[in-house]
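In each ligand, atom 1 is the first atom listed, and ligand 1 is the first ligand listed. Just so you know, these numbers use all the heavy atoms, side chains as well, and skip hydrogens, waters and symmetry mates.
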Amino acid sequence: MAEKLIIFDTTLRDGEQSPGASMTKEEKIRIARQLERLKVDVIEAGFAAASQGDFEAITAISGAVKDSIICSLSRANDRDIARAAEALQVARRKRIHTFIATSPLHMEKKLRMTPDQVFEQAKQAVRFARNFTDDVEFSPEDGSRSDMDFLCRVIEAVITEGATTINFADTVGYGVPELYGNMLKTLRERIPNSDKAVWSVHCHNDLGMAVANSLAGVMIGGARQVECTINGLGERAGNTALEEIVMAVRTRKDHFNLDFNIDTTQIVATSKLVSQITGFAVQPNKAVVGANAFAHASGIHQDGILKARDTYEIMRAEDVGWSANKIVLGKLSGRNAFKQRLDELGIKLESEGEVNAAFARFKELADRKSEIFDEDIMSLVSDEEHSHDNECYRFVSLAQHSETGERPAAKIVFTIDSKEVTCDGHGNGPVDAIVNAIESKTQSGSELLLFSVNAITTGTQSQGEVTMRLSKAGRIVNGVGADPDIVVASAKAYLSALNKLHSKVEKLNPQI
Ligand code: KIV
Ligand code: ZN
């Protein structure tokens, strides 16, 4: 019988460390719920001691998610571990993940600790974490650049203290598949109690080898847990991409002979949600989740596919959740049909009030756009979940004028704490004009780091989804807005980002 591969998702922790990918508590809960639908085994929900925002998000996810194990990262000290345990208190199944650097470079230059001190601290951390849960993971940070004898000594000791998972971290993406896999193999062979723990791989993509290294860790090294993120999100070049690992293991079962719990049909929905919330677009040629991943343009390929699908397709688009743009609802659809479609899409709104508000938005959209696709519904619901009664700024309406040879002008009406204001602006283009108009009133003093527009579906009728990333005083936030009029979508995205900057509960992007 095939052994099981544990899928550990760290989109909400390591993925969030990517500058600009910081998420609000509500956004993290939405992603966590989707990860549960995807059936990931472990969700690393954050780093409890890093900030109050992370602590609250882990607590909320612990209450909201029932099936997956919820994990918090913590440095190898009592304070971090106690904070992680507190955040995880209500989780049905919990894991504490503690780490300390073991490479000579990190120990000497970063930690300024001797190897003996690191050894003692690692042991003490795992012993302390075991007071709160039986499920304790230990990572030797920068493991792939650590000395083999020292690694063996530390890992043997932490397993004796009760670590149940050992995560071999390639923190800076230095690994090469064969070498990384063999290091893991040697560790497992040399450490006498290695069979008492599950071995895990955690790879970064600096040399574009995170997925290859992880799979080598599985095949050569015998790892049975892979740590990964949706879309390979993560700082620098990112982490191992979950969708690539899962589809490689499934498509080449003949080679890997491993099973997992993942519901692959949820992959695309999860990818879209993470991309939409973080504002990190997925490149069109990205494996599995890129828009072109299943598009066959050449005549020879198309001909082959029509004759026999497997001539050019090694996996089926529908198996990862790609569906042809389906017209699902229209102007005449009623509330029940709308609610049923939400159910079919796996979208749960918290209250009947939220369903009513989303339905009202749907009707408004259906008046302006005759064909409503699943993607429109997802975006509309996400707009609904983004908007809160306590928001400072709300879009009301806008007018804009552009003419060849003239400087574009815009007028916008929005509310500030429920009081309506109107302002005008000019700019290089209509979006610039609208941002200048908003800034003439709000004077946020923020810097625009990213402005991106994506068509939600195909065709010129499509809604535009705009992401605006703003930075102010070290905080980076994303605002998202959708509308068939991309200038309106831009205004909504800008106001949404300003709302996040305005909110006190937002946090700094936690960096470890
Ligand atoms: O890359 C890394 O070393 C990490 C550890 C905290 C596991 O993210
Ligand atoms: Zn990492």
State whether the side chain of [X] and the backbone N or O of [Y] hold a donor-acceptor pair below 3.5 Å, judged by distance alone.
| X | Y | result |
| --- | --- | --- |
| D263 | L38 | no |
| N77 | R79 | yes |
| R475 | K500 | yes |

Checklist entry - Among L215, T251, L5, whose side-chain contact (heavy atoms from CB on, under 4.5 Å) with F256 holds? => result L215

With a cut-off of 4.0 Å, which atoms of ligand 1 are near a heavy atom of [X]?
| X | value |
| --- | --- |
| S139 | 7 (C) |
| H204 | 1 (O) |
| T171 | 1 (O), 2 (C), 3 (O) |
| E141 | 3 (O) |
| N167 | 7 (C) |
| A169 | 3 (O) |

Checklist entry - What pairs of residues pass the side chain to side chain donor-acceptor pair (under 3.5 Å) test when at least one of them lies in residues 205-219, not counting sequence neighbours? => result D206-R236, S214-T240

Checklist entry - How would you list all residue pairs meeting side chain to side chain donor-acceptor pair (under 3.5 Å) that involve residues 168-184, not counting sequence neighbours? => result S144-D170

Checklist outcome for this item: Under 2.8 Å from the Zn ion (ligand 2), protein N/O/S atoms total 3

Item to check | Heavy-atom closest contact (P104 atom, S146 atom, distance) | outcome: CD-CA, 4.2 Å

Checklist entry - Which atom names give the shortest non-hydrogen contact between E36 and I43, and what distance separates them? => result N-CD1, 4.3 Å

Is ligand 1 under 4.0 Å from a heavy atom in the side chain of [X], in the backbone, in both, or in neither?
| X | value |
| --- | --- |
| R13 | side chain |
| D14 | side chain |
| E227 | neither |

Checklist entry - Passes salt bridge (Lys or Arg N to Asp or Glu O under 4.0 Å), K472 versus E447? Steps please. => result CA-CA 6 Å; K472 187 179 174 185; E447 187 192 346; over 6 Å; no

Item to check | Candidate with minimal heavy-atom separation from atom 2 (C) of ligand 1, of H97, H202, E44 | outcome: H202

Checklist entry - Out of T11, T229, T10, which one pairs with E44 under the side-chain hydrogen bond (donor to acceptor under 3.5 Å, both in side chains) rule? => result T10

Next on the checklist: Going by side chain to side chain contact (heavy atoms under 4.5 Å, CB included), name the residues that satisfy it together with A489, two or more places apart in sequence or in a different chain.
Outcome noted: V466, D483

